[in-house]
Each structure stands twice: as C-alpha cells, then as structure tokens.
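First listed ligand is number 1; within each ligand, the first listed atom is number 1. Bear in mind the structure is a predicted one, so any value in this text is a computation, not a measurement.
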Amino acid sequence: MTKIRKAVLPVAGLGTRVLPATKAIPKEMMPVVDRPALQYVVDEAREAGIEHFVFVTGRNKGAIEDYFDRAYELESSLRDRNKLDILEKLTSELPKAGSTSFVRQQSPLGLGHAIWCARDVIGDEPFAILLPDVLVKAKKSCLAQMVDAYEDVGGNIIAVDEVPMDRVSSYGVIAPKKAGDDSKLIEMSGMVEKPARDKAPSNLKITGRYILQPEVMQLLSDQAAGAGGEIQLTDAMARLMEVQSFHALKYEGQDYDCGSKYGYFEAFTAYALDHPEIADEARALIQRLAKNE
Ligand code: G1P
C-alpha cells in the first residue's frame, strides 16, 4: 500500500467571516494562544507521517511562506540576547528544506478547484487534504487516526462527525451504506455538499480531513460548479465513489471552525485551557467570569 506522504492545505480563502481581523493577515495566521492556527494543522499532519506540505495560496498570503522560512534577523537577535529556548522552539518547528510547495489559486472558484491546482505536485500517489479553518483537538491526531484506517481498508477515507440537523446545510454530508451504522469506520453510499435539511442523507458532516486517491484530480479537472456556484470537492468525490471504495471515519477528538468568530473563540479557549503556561489562570478566569453572569 502506498504511504501517504503529501498533504494539500488550501489556504487561499479570504476569511470574510472574521473581517476586519483578516484584512491584512491571512486567516490561517491568526494566533490560537501562541501559535498560528495553521501550525496546529501542520503538526497534526506531521504526526500522521506527512513529509511534504502543498499550500494552495492566493493573493496577500505571503505571510504564510515567510512563516515557514528561516527568519535570520530574528534568529540572530534572539541568539544575541541569549534567548536560546525561544530560538530552539522557532527553528525546531520549521519544515525540512524542500518539504513545502506553494501553488497559487488564481481565482476563488471553490475548494475542488483549489485542490486541483495542486495536481502536478501531488502526481500519482494518494494524498491527504487538511482544511486549515478546522482545528481538530485530539489525543492522537485526526489525520493519524485516518492513516491507521487507511492502512486497514485502503481506498479513500474522510473524517466525519455528528452535527445537529439544523446545521447540516453548512457542510458536506455523507450517506452511510447501512442506515444507522454506528461503527467507527462507515461504508458510504453517497455524499452531498450543503444539502437542505430535508434532503440531507444523515447528520454526519464532512469535517475537513481527507485521504484521497490521485484519480480525484482527473475528476476535478472537468467538475462542473455545484453548491454556491463553486467547484466542489464533495461532487468530485461522489463521482470517484462510483468506482473506488470510500469510508467515513468517526474520529476521536473535537473540531473547531476557526473561520467563524465563535469557533475561533472556542478553539482559543480550548487550547488555552490545555496550555502548560496559562491553563490554571485561564480556568480561574473562566470560572470567575461565569460566576458574574
Ligand atoms: C468545506 C467542504 C465541506 C466540509 C467543510 C468542513 O466547506 O466543502 O464539505 O463539510 O469544508 O468545514 P466550506 O466550509 O469551505 O464551505
């Protein structure tokens, strides 16, 4: 079985739901405690064995490239000031030389189009996709759980999670082969992007983590626009499912949608409550604020 070595991270989105915070910085660079949201996603992928990161960027996303590069001036002034622990942290988290690629999506035609822009870098091997708006806090990284499942069953794997029925229309939603299947790894018979509540095949939403076979790129090349007038990854996957196996993994962990105001607040709070330097104070603050209600 071919190892999953490459991951695509589409980072071209404008972040309109959290403007003006994202007017001058990419939304993926918004800090969650002391690290950009994107760093958490890269760490999740690394834990799953990903060796090469393909960022699909757009205009005004230069900060992302700089972030994953050396910062010589900063590093030398940290060295001069003997702040060696910070320096070590800064440099140890950098991707290895040659392990990042940046591909430009020139027009915002949809998630499916963004992924297709990475086709030449992906080539002929199965690959992962991580949507960096979504942070998944988990003991074992969500993508690593998916790689385990992939090693068992192969094919295509997508992470899913239950969502209240009144929110299904904001997501891609899967149809399990067996109604009411409560296993962790579910065989699928269909999927649909942003269905109306009464048309949704289940309450299992697509979380934003995928392991896909390279044939999806061919399907994306002629994929017609779907929900919202955009080229949807979900539509191309639905076509791929006619010829390849697809499983949905109910992973263990909690997802946060950092592209929305409340989701970002939730993520910040959850990671603060788990951060060795500030967890106790953060917990005390939340208890104090709750009492004043
Ligand atoms: C995208 C996908 C959707 C998925 C969602 C997860 O939608 O198209 O299938 O459920 O991410 O966050 P978007 O949030 O870009 O509209």
| request: Say whether Tyr210 and Met217 are linked into one hydrophobic cluster, either directly or through other cluster members, by side-chain heavy-atom distances under 4.5 angstrom. | output: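 Yes, Tyr210 connects to Met217 through the hydrophobic network.
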
Quick one: which ligand 1 atoms are inside 4.0 Å of a heavy atom on [X]?
X: Thr234; value: 9 (O)
X: Val134; value: 12 (O)
X: Leu111; value: 2 (C), 8 (O)
X: Leu131; value: 1 (C), 11 (O)

| message | Classify the ring geometry of Phe55 against Phe53: parallel below 30°, tilted from 30° to 60°, perpendicular beyond 60°. | response |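 It falls in the parallel class, under 30°.
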
| said: Is Thr207 close enough to touch ligand 1? Criterion: a residue heavy atom under 4.0 Å from a ligand atom. | reply: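 Judged by the 4.0 Å heavy-atom criterion, Thr207 does count as contacting ligand 1.
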
| task | Mark the output for Glu193 as yes if a heavy-atom distance to ligand 1 is under 4.0 Å, and as no if none is. | result |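 The answer is yes: ligand 1 sits under 4.0 Å from a heavy atom of Glu193.
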
| Cation over ring face, Arg35 and Tyr40, 6.0 Å, 45° |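 Because its charged atom sits under 6.0 Å from the ring centre and within 45° of the axis, Arg35 does stack over Tyr40.
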
| message | Check whether Tyr171 forms a cation-pi arrangement with Lys194 (NZ or CZ under 6.0 Å from the six-membered ring centre, at most 45° off the ring normal). | response |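 No, Lys194 and Tyr171 do not form such a contact.
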
| Going by heavy atoms in the side chains, are Arg70 and Leu94 under 4.5 Å from each other? |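 The answer is yes; the side chains approach within 4.5 Å.
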
| query | What closest approach, in Å, do Cys142 and Val136 show between heavy atoms, and which atom pair accounts for it? | reply |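 That closest heavy-atom pairing would be CB-CG1, 3.8 Å.
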
| request: Kindly determine whether Glu51 and Lys3 satisfy salt bridge (Lys or Arg N to Asp or Glu O under 4.0 Å), including the steps that lead there. | output: CA-CA 10 Å; Glu51 295 164 9; Lys3 184 179 180 305; 3.5 Å; yes

| field | Closer than 4.0 Å: a protein non-hydrogen atom to atom 15 (O) of ligand 1 | value |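 It does not: no protein heavy atom is found less than 4.0 Å away from atom 15 (O) of ligand 1.
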
| Who's the nearest protein heavy-atom neighbour of atom 13 (P) of ligand 1, and how far? |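 Closest protein heavy atom to atom 13 (P) of ligand 1: Lys194 NZ, 3.6 Å.
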
| query | For atom 10 (O) of ligand 1, what is the nearest protein heavy atom, given as residue, atom name and distance? | reply |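 So the nearest neighbour among protein heavy atoms is Ile206 O, 2.6 Å.
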
